[in-house]
Amino acid sequence: MKKVLLILLVILLFALSYYTVFQGWSFGNLTVLSFSQIKEKNSKLEEQIDLTERLADVDYKKKIAEQEQDINKLEQEKQTYEDMVSISLDGDLEKSGQLHRYELEYLWTQIGHHAAKEGVTIKIDITRSGDETQNTEEENAQQTD
């Protein structure tokens, strides 16, 4: 009886091993992969390793070289601009910082054209002027009335 039971257990063990080798199996959280599944996962892993090596060896070094070239270009442009500023006259620098004054009618026209082009209906109410001398003259006139 012991021999029969032992032979039966050995046959079941071989059957389970055969099934596991060719089919794989999972039981709850435990998964045993078959040979074909192992080969598939190995090939995916090798592809990822090749991609990583290529990125590290070629693409990374290429991007670093491009970044260093860009830094050198920026430094050269910075030096060019600094040279231009040192050559410029003081009057040129003052002119470059001036604000442009426009007539109110011109600004209204520009705003209106832009609003019409964009299809916007615009309503603007101006309560005070930006010119301080004009405001004080209006306030003085209101106080005397």
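Nothing fancy with the numbering, it's 1 onward along the sequence. The shown structure was predicted, so the numbers you read here are calculated from the model rather than taken from an experiment.
- Taking the salt bridge (Lys or Arg N to Asp or Glu O under 4.0 Å) definition, one finds that Lys44 meets it with Glu40, sequence neighbours left out.
- Tyr18 meets the ring pair (Phe, Tyr, Trp, His ring centres under 6.0 Å) test with Phe22; sequence neighbours excluded.
- By the side-chain contact (heavy atoms from CB on, under 4.5 Å) test, Val120 is found to be paired with Ala115, Glu118, residues two or more places apart in sequence or in another chain being considered.
- Other residues sharing the hydrophobic cluster of Ile38, ordered by chain and number and joined by side-chain separations under 4.5 Å: Leu33.
- To the nearest 0.5 Å, atom CD1 of residue Ile11 and atom CG of residue Leu16 are 13.5 Å apart.
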What side-chain donor-acceptor pairs closer than 3.5 Å can you find for residues 50-69, not counting sequence neighbours?
from: Thr52; atom 1: OG1; to: Gln48; atom 2: O; distance (Å): 2.7
from: Arg54; atom 1: NH1; to: Asp59; atom 2: OD2; distance (Å): 3.2

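- Residues satisfying the side-chain contact (heavy atoms from CB on, under 4.5 Å) test with Gln76, not counting sequence neighbours, are none.
- Atom CD of Gln37 and atom CD of Gln23 lie 8.5 Å apart (nearest 0.5 Å).
- Under a 4.5 Å side-chain heavy-atom cut-off, the cluster of Ile, Leu, Val, Met, Phe, Trp and Tyr residues that includes Val4 has no other member.
- For Tyr106, the ring pair (Phe, Tyr, Trp, His ring centres under 6.0 Å) partners two or more places apart in sequence, or in a different chain, are Tyr102.
- Evaluation of the side-chain contact (heavy atoms from CB on, under 4.5 Å) rule for Ser36 yields Ser34 as partners, not counting sequence neighbours.
- Looking only at side-chain heavy atoms (C-beta outward), His114 and Ile111 stay at 4.5 Å or farther from each other.
- Legend: residues meeting side chain to side chain donor-acceptor pair (under 3.5 Å) with Glu77, ordered by chain and number and at least two apart, are absent.
- Scored by the side chain to side chain donor-acceptor pair (under 3.5 Å) test, Thr20 finds Trp25 as partners (sequence neighbours excluded).
- Think of Ile49 as one node in a network of Ile, Leu, Val, Met, Phe, Trp and Tyr side chains linked at under 4.5 Å; its network also takes in Leu45.
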